[in-house]
Amino acid sequence: QVSLVESGGGLVQAGGSLRLSCAASGRTLNNYAMGWFRQPPGKEREFVASIGWSGSTTYYADSVKGRFTISRDDAKNTVSLQMNSLKPEDTAVYYCALGPRFTVAINARAYSAWGQGTQVTVSS
């Protein structure tokens, strides 16, 4: 059974940057899509970014396009989310998730395992 652990969250001023990492254990991430989702205070969980099993395909929510970059390192069994030009509306708990094999997905229902989340707070 896979375990996903996020790290790298914290408090940052608007315009700043953070890099989130997701470390997997119990299963290699090879051949699996991976995704990042977030849940802002008082709101439902929403899609942020996903990367396909080969790393060649990525998708982003419109709200983060051009500011966030998702990447993967299968040798280290990790997935990262580089977040630049952060805005107060990016404040949320960010979750890493294991997606389907040999494809890419943006729907949360396609993801079978989730990390515990890491808090990102952007001050204005």
Side-chain angles (χ1 to χ4, degrees):
Q1 186 169 347
V2 66
S3 175
L4 303 173
V5 178
E6 302 94 338
S7 62
L11 174 64
V12 63
Q13 287 188 332
S17 298
L18 282 174
R19 185 177 181 86
L20 304 184
S21 293
C22 174
S25 60
R27 177 184 296 177
T28 176
L29 298 183
N30 282 350
N31 301 326
Y32 288 89
M34 295 296 296
W36 286 94
F37 293 78
R38 67 187 182 186
Q39 187 164 15
K43 298 184 179 180
E44 294 186 352
R45 191 174 299 188
E46 61 186 27
F47 169 77
V48 175
S50 63
I51 186 166
W53 67 277
S54 68
S56 61
T57 303
T58 56
Y59 289 100
Y60 296 92
D62 288 344
S63 59
V64 307
K65 203 170 293 183
R67 300 187 297 121
F68 290 12
T69 302
I70 187 172
S71 60
R72 63 189 300 155
D73 186 338
D74 288 345
K76 296 182 179 179
N77 228 29
T78 60
V79 178
S80 298
L81 184 69
Q82 177 67 42
M83 306 187 296
N84 298 328
S85 302
L86 283 161
K87 305 175 181 180
E89 50 264 43
D90 294 319
T91 294
V93 178
Y94 283 72
Y95 298 89
C96 169
L98 178 74
R101 296 182 68 189
F102 301 120
T103 185
V104 62
I106 64 172
N107 191 319
R109 286 175 288 185
Y111 289 77
S112 57
W114 297 78
Q116 82 290 349
T118 185
Q119 177 70 47
V120 171
T121 303
V122 184
S123 63
S124 57

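None of the values given here were measured: they were computed from a predicted structure. Excluded from the calculations below are hydrogen atoms, water molecules and symmetry mates; all remaining heavy atoms, backbone and side chain alike, are included. Nothing fancy with the numbering, it's 1 onward along the sequence.
With a 6.0 Å radius and a threshold of 12 heavy atoms from other residues, nucleotides or ligands, Lys65 has its NZ atom above the threshold.
Rounding to the nearest 0.5 angstrom, the gap separating the CG atom in Asp73 from the OG atom in Ser80 is 8.0 Å. We find the CG-OG distance between Asn31 and Ser54 to be 9.5 Å, quoted to the nearest 0.5 Å. Interatomic distance, CH2 of Trp114 versus CZ of Arg45, reported as 5.0 Å (0.5 Å rounding). From Thr121, atom OG1 reaches atom CG of Leu11 across 6.0 Å, with rounding to the nearest 0.5 Å. Here Trp53 contributes atom CH2 and Asp74 contributes atom CG; the two are 10.0 Å apart, rounded to the nearest 0.5 Å. In this structure, Ile70 CD1 and Thr58 OG1 are separated by 8.0 Å, a value rounded to the nearest 0.5 Å.
In the hydrophobic clustering of this structure, Leu20 does not group with Val93; members are Ile, Leu, Val, Met, Phe, Trp, Tyr whose side-chain heavy atoms approach within less than 4.5 Å, directly or through other members. By the rule that hydrophobic residues join a cluster once side-chain heavy atoms approach within less than 4.5 Å of another member, Leu81 and Tyr95 end up as members of separate clusters. By the rule that hydrophobic residues join a cluster once side-chain heavy atoms approach within less than 4.5 Å of another member, Val79 and Leu18 end up as members of one cluster.
The two residues Ser17 and Ser85 make their nearest non-hydrogen contact at OG-N, 4.3 Å. Nearest heavy-atom pair, Ala14 versus Pro88, reported as atom, atom and distance to 0.1 Å: CB-CD, 4.1 Å. The shortest heavy-atom contact between Ser50 and Ile106 is OG-CG2, 3.9 Å. Nearest heavy-atom pair across Met34 and Ala97 is CE-O, 3.3 Å. When all heavy atoms of Ala110 and Ala105 are compared, the pair lying nearest together is CB-CB, 3.7 Å. The minimum heavy-atom distance linking Met83 with Leu86 is given by the pair CB-CD2, 3.8 Å.
Under the 3.5 Å distance criterion, the side-chain polar atoms of Glu6 are matched with a main-chain donor or acceptor of Gln116. One N or O on the side chain of Arg72 and one on the backbone of Leu29 form a donor-acceptor pair closer than 3.5 Å. A donor-acceptor pair is defined here as one N or O able to donate and one able to accept, closer than 3.5 Å; such a pair exists between the side chain of Thr91 and the backbone of Val122. Using modelled atom types, one side-chain atom of Asn77 and one backbone atom of Ala24 make a donor-acceptor pair closer than 3.5 Å.
Taking the charged nitrogens against the carboxylate oxygens, Lys87 and Asp90 have no contact shorter than 4.0 Å, which rules out a salt bridge.
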Side chain to side chain contact (heavy atoms under 4.5 Å, CB included) evaluation trace for Val120 with Arg38: CA-CA 9 Å; Val120 171; Arg38 67 187 182 186; over 6 Å; no

Before you tell me yes or no, could you show the steps for Leu4 and Cys22 under side chain to side chain contact (heavy atoms under 4.5 Å, CB included), namely the whole-Å CA-CA distance, both residues' side-chain angles and the distance that decides it to 0.1 Å? CA-CA 6 Å; Leu4 303 173; Cys22 174; 4.0 Å; yes

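Each of Trp36, Tyr59, Phe37, Tyr111 was evaluated against Phe47; a single residue qualifies, Phe37, per the ring pair (Phe, Tyr, Trp, His ring centres under 6.0 Å) test.
Using a 30° and 60° split on the angle between ring planes, Tyr94 and Phe68 fall in the tilted class, from 30° to 60°.
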